[in-house]
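Below you'll find the structure, written out as structure tokens, and then a few comments.
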Amino acid sequence: MRFYNTLTRRLEEFRPIAEGRVGLYTCGPTVYDFPHIGNYRSYLFEDLVKRFLAFLGLRVTHVMNITDIDDKTIRKASELQVPLAEVTRKYIDAFHADLRALNALPADHYPRATEHIAEMQALIARLLEQGFAYEKDGSVYFRIERFPEYGRLANLDKGSLKIGAAVDADEYEKEAVQDFVLWKGKKPGEPSWPAPFGEGRPGWHIECSAMSMKYLGPHFDIHMGGVDNIFPHHENEIAQSQCANGVTFVNYWLHCQHLIVDGQKMSKSLGNFYTLGDLLSKGYAPMAVRYLLISSHYRKLLNFTLEGLEMAGQALARVKNFAFSLRNVEGEGDADPELAAALDKALAAFRDQLADDFNVSGALGAMFDLIAEVNPRLSALTRADAAAALAWLERINSVLGVLEPDERTALDAEIEARIALREKARREKDYARADEIRAELRRQGIALIDTPSGVKWKRE
RNA sequence: GGCGGCGUAGCCAAGUGGUAAGGCAGCGCUCUGCAAAAGCGCUAUUCAUCGGUUCAAAUCCGGUCGCCGCCUCCA
């Protein structure tokens with residue numbers, strides 16, 4: 001498989017450092033508020049990459065950090081007059097709940113910044129010892145002059161970095177304006193930790209260097225994040241990590257493009273700012289959100305609209321209907337080798353599309369082609385055929401993650417009873433009564449499908 | 001000022017040299033008590049635009065128009 005490496009600005013064949021294994025680090029949330037759907041575009045793309053690596057038989061170790069100490073979390077806690085941990089706990093829980101709703105597979109580790117202060121301090125101490133960092137008025141800064149490769153990831157020339165806006169109240173005494181803070185000296189009213197270089201708290205960038213190193217080692221395979229992370233965050237991570245360890249930090253950098261909403265950058269003032277909760281409360285299904293967010297190419301701007309979300313829901317319904325039809329196949333007999341061959345071919349096409357820089361649109365095309373090929377033959381399929389096709393769909397869905405298991409619950413008996421009543425009404429040609437029962441069930445999210453072999457039902 | 005991206009049917013979206021995938025929506029028909037689902041058929045001589053290279057271009061090169069991102073906290 002190959003994909004676009006931000007570092008080299010080229011499509012590259014992926015070769016893991018260790019045969020059959022992948023170390024994956026993805027920048028997680030800063031937990032000061034509910035994440036918005038733009039955040040989830042990135043997280044779901046990361047989930048797709050992870051699922052596809054697993055699909056190819058690779059064993060992935062996935063680390064996603066949680067930034068629970070920074071300017072914004074501190075500000076929020078101070079505004080609400082509650083302890084920092086209370087604020088971060090709330091949004092960490094919300095984040096995990098959203099990820100579950102969106103069917104993202106959990107990471108192996110979710111390290112929190114506040115639980116890795118010692119590791120960050122040790123890293124800063126090493127940078128100080130080697131002269132890559134310096135102390136100034138209780139804070140510690142990284143000296144970018146000491147890292148000639150600085151700017152390579154972002155394709156920026158060190159000398160041409162626009163200066164001025166970067167100077168904020170925190171960072172007044174730096175040797176060079178472009179130098180970035182590793183450790184912020186204590187300020188009144190802010191959480192702080194004692195350190196050899198003075199009491200204070202970590203800067204943002206050092207967190208990811210320290211935690212990725214701890215869980216994945218000094219050199220690992222893939223680092224992901226949103227495009228906004230390229231500069232300065234990831235650039236700074238490279239500088240810190242490579243200067244401290246003297247080895248290449250990451251082999252492949254993968255960045256997900258942002259989404260816009262109704263053609264404009266999402267912002268609260270424009271009223272086009274959505275959290276997952278906003279969409280669910282409007283009645284949209286989380287799987288439709290997932291489908292939409294993963295369905296277009298990750299390096300292209302995605303224009304999110306409610307109309308697009310509805311279309312995604314409809315497209316997904318086509319896949320669900322296919323699965324539904326397969327589950328209701330009742331033909332007896334042997335499996336058709338031609339069908340098996342078609343399934344193999346379609347799966348290979350699906351895989352090839354994803355292996356080419358994660359072309360999800362192309363992969364979906366391969367899936368729908370197969371569905372269109374099998375649908376006309378549904379009535380001629382045997383149970384063995386249907387089982388093969390369902391196994392195929394399950395394999396596809398192990399990557400896409402857009403289908404939920406067909407859940408049958410205790411309510412089933414009641415539903416079956418209602419259906420029996422409707423059947424009785426139909427036999428008596430009391431269609432008004434029959435339609436009334438169907439409409440009632442519909443309101444409960446149960447759709448009825450009359451087929452030659454009886455009534456089938458499903459949840460919508 | 002520097003770096004970079006995008007413009008394909010009503011909508012979404014693949015395709016980066018060999019003659020326009022796929023999805024949604026729409027229309028007609030089949031099936032059905034009616035629906036739903038499914039099926040069949042129809043729906044871009046054309047890829048912002050102008051010019052060039054080539055036997056061949058949506059794909060390569062150049063110009064023009066339009067839209068957007070980053071260089072600063074941000075997925």
Side-chain angles (χ1 to χ4, degrees), chain A residues 9 26-30 32 35-46 70-72 75 151 154-157 159-168 178 204 224-233 235 255-260 263-267 291-293 295-297 299-305 307-322 324-325 328 349 353 356 359-372 374-379 425-427 429-432 434-435 438-439 442 447-452 455-458 460:
Chain A
R9 274 161 266 129
T26 63
C27 280
T30 300
Y32 69 103
H36 56 252
I37 50 170
N39 298 92
Y40 288 120
R41 182 189 189 192
S42 288
Y43 299 138
L44 289 179
F45 172 58
E46 290 159 2
D70 83 316
D71 294 353
K72 280 176 293 198
R75 194 188 318 133
N155 196 25
L156 293 170
D157 178 42
S160 75
L161 287 177
K162 202 169 168 182
I163 56 172
V167 185
D168 71 31
Q178 301 94 329
W204 175 38
M224 299 181 68
V227 286
D228 54 282
N229 283 147
I230 296 172
F231 192 90
H233 185 52
E235 194 70 62
H255 292 100
C256 185
Q257 182 55 264
H258 283 182
L259 68 71
I260 55 176
Q264 287 180 291
K265 188 163 177 167
M266 179 166 41
S267 78
Y291 184 99
L292 177 61
L293 292 181
S295 61
S296 65
H297 194 87
R299 285 193 286 125
K300 279 194 171 178
L301 209 57
L302 167 66
N303 184 19
F304 181 94
T305 62
E307 190 196 357
L309 185 52
E310 269 157 38
M311 292 195 303
Q314 286 305 113
L316 188 51
R318 184 167 164 85
V319 186
K320 285 155 81 172
N321 285 330
F322 180 61
F324 175 78
S325 302
N328 288 299
Q353 289 294 331
D356 185 12
N359 187 347
V360 179
S361 305
L364 289 172
M367 175 183 74
F368 282 115
D369 281 343
L370 186 283
I371 291 176
V374 174
N375 262 332
R377 301 166 48 194
L378 275 172
S379 60
R426 286 179 78 200
R427 278 193 304 276
K429 301 251 191 285
D430 183 359
Y431 294 121
D435 289 354
R438 183 168 64 188
R442 179 109 218 162
L448 300 191
I449 295 97
D450 296 332
T451 75
V455 188
K456 310 291 185 192
W457 66 273
K458 63 181 175 180
E460 296 272 270

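What you see is a predicted model, and the numbers here were worked out from it, not measured in a lab. Reminder, nothing fancy here: chain letters follow the sequence lines and each chain counts from 1.
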Provide, to the nearest angstrom, the distance between the [atom1] atom belonging to [X] and the [atom2] atom belonging to [N].
| X | N | atom1 | atom2 | answer |
| --- | --- | --- | --- | --- |
| Leu448(A) | A37(B) | CG | P | 13 Å |
| His297(A) | A14(B) | NE2 | C1' | 11 Å |
| Met311(A) | C12(B) | CE | P | 7 Å |
| Tyr291(A) | A13(B) | OH | P | 12 Å |
| Asn229(A) | G4(B) | CG | C1' | 17 Å |
| Leu316(A) | G22(B) | CG | P | 19 Å |
| Leu301(A) | C12(B) | CG | P | 13 Å |
| Leu370(A) | A21(B) | CG | C1' | 15 Å |

Is there a side-chain contact between [X] and the phosphate of [N], meaning an N or O under 4.0 Å from OP1 or OP2?
| X | N | result |
| --- | --- | --- |
| Gln314(A) | A25(B) | yes |
| Asn303(A) | C12(B) | no |
| Arg318(A) | G23(B) | yes |
| Lys456(A) | A35(B) | no |
| Asn155(A) | C3(B) | no |
| Lys300(A) | G7(B) | yes |

Roughly how many Å apart are [M] and [N], using the [atom1] atom of each and rounding to a whole number?
| N | M | atom1 | value |
| --- | --- | --- | --- |
| A44(B) | A21(B) | C1' | 13 Å |
| A38(B) | C74(B) | C1' | 47 Å |
| C3(B) | U8(B) | C1' | 27 Å |
| A14(B) | G51(B) | C1' | 28 Å |
| U64(B) | G23(B) | C1' | 34 Å |
| G7(B) | G39(B) | C1' | 36 Å |
| C6(B) | U16(B) | P | 13 Å |

Can you identify which nucleotide, out of [options], has its nearest atom closest to the [X] side chain?
| X | options | answer |
| --- | --- | --- |
| Pro232(A) | U72(B), C70(B), A75(B) | U72(B) |
| Asp369(A) | G22(B), A36(B), G39(B) | G22(B) |
| Pro376(A) | C71(B), C74(B), C40(B) | C40(B) |
| Trp204(A) | C24(B), A75(B), C74(B) | C74(B) |
| Tyr43(A) | C34(B), C70(B), A75(B) | A75(B) |
| Met266(A) | C34(B), A75(B), G22(B) | A75(B) |
| Ser361(A) | A14(B), C70(B), C11(B) | A14(B) |

Which residues pass the side chain to side chain donor-acceptor pair (under 3.5 Å) test with Tyr40(A), not counting sequence neighbours? Asp98(A)
Those residues that, when tested against Asp70(A), pass side chain to side chain donor-acceptor pair (under 3.5 Å) (two or more places apart): Thr73(A)
Can you work out whether Phe322(A) or Ala363(A) has the more 5'-proximal nearest nucleotide on RNA chain B? Ala363(A)
Could you check Ser295(A) against Leu364(A) and say which one's nearest nucleotide on RNA chain B is further toward the 5' end? Ser295(A)
Secondary-structure string, 5' to 3', Watson-Crick or G-U under 3.5 Å, | for another-strand partners, for RNA chain B: ((((((((.[[[..)..(...]]].(((((.......))))).....[[[[[..)....]]]]])))))))....
Please name all residues satisfying side chain to side chain contact (heavy atoms under 4.5 Å, CB included) with Asn303(A), sequence neighbours left out, ordered by chain then number.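 In terms of side chain to side chain contact (heavy atoms under 4.5 Å, CB included), with neighbours along the sequence ignored, Asn303(A) is linked to Ile260(A), Thr305(A).
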Please list, chain by chain and in numerical order, all residues satisfying side chain to side chain contact (heavy atoms under 4.5 Å, CB included) with Met311(A), sequence neighbours excluded.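 Result, side chain to side chain contact (heavy atoms under 4.5 Å, CB included) vs Met311(A): none returned.
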Short N-O contact, Lys456(A) and Asp450(A), less than 4.0 angstrom: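 Looking at Asp450(A) together with Lys456(A), the answer is no, because their closest N to O distance does not fall below 4.0 Å.
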Assign [X] to base, sugar-phosphate, or nothing according to its heavy-atom contacts below 4.0 angstrom with the strands shown.
| X | value |
| --- | --- |
| Leu259(A) | base |
| Gly308(A) | nothing |
| Arg438(A) | base |
| Asp450(A) | base |

Can you find an N or O donor on one side and an acceptor on the other, under 3.5 Å apart, linking the side chain of Arg9(A) with the base of G4(B)?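 No such pair is found, so the answer is no.
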Quick check, does Tyr431(A) stack with G33(B)? I mean ring centres under 5.5 Å and planes off by under 30°.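 Tyr431(A) vs G33(B): stacking yes.
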Using the salt bridge (charged side-chain N to carboxylate O under 4.0 Å, His left out) criterion, which residues pair with Arg442(A)? Sequence neighbours excluded. Glu460(A)
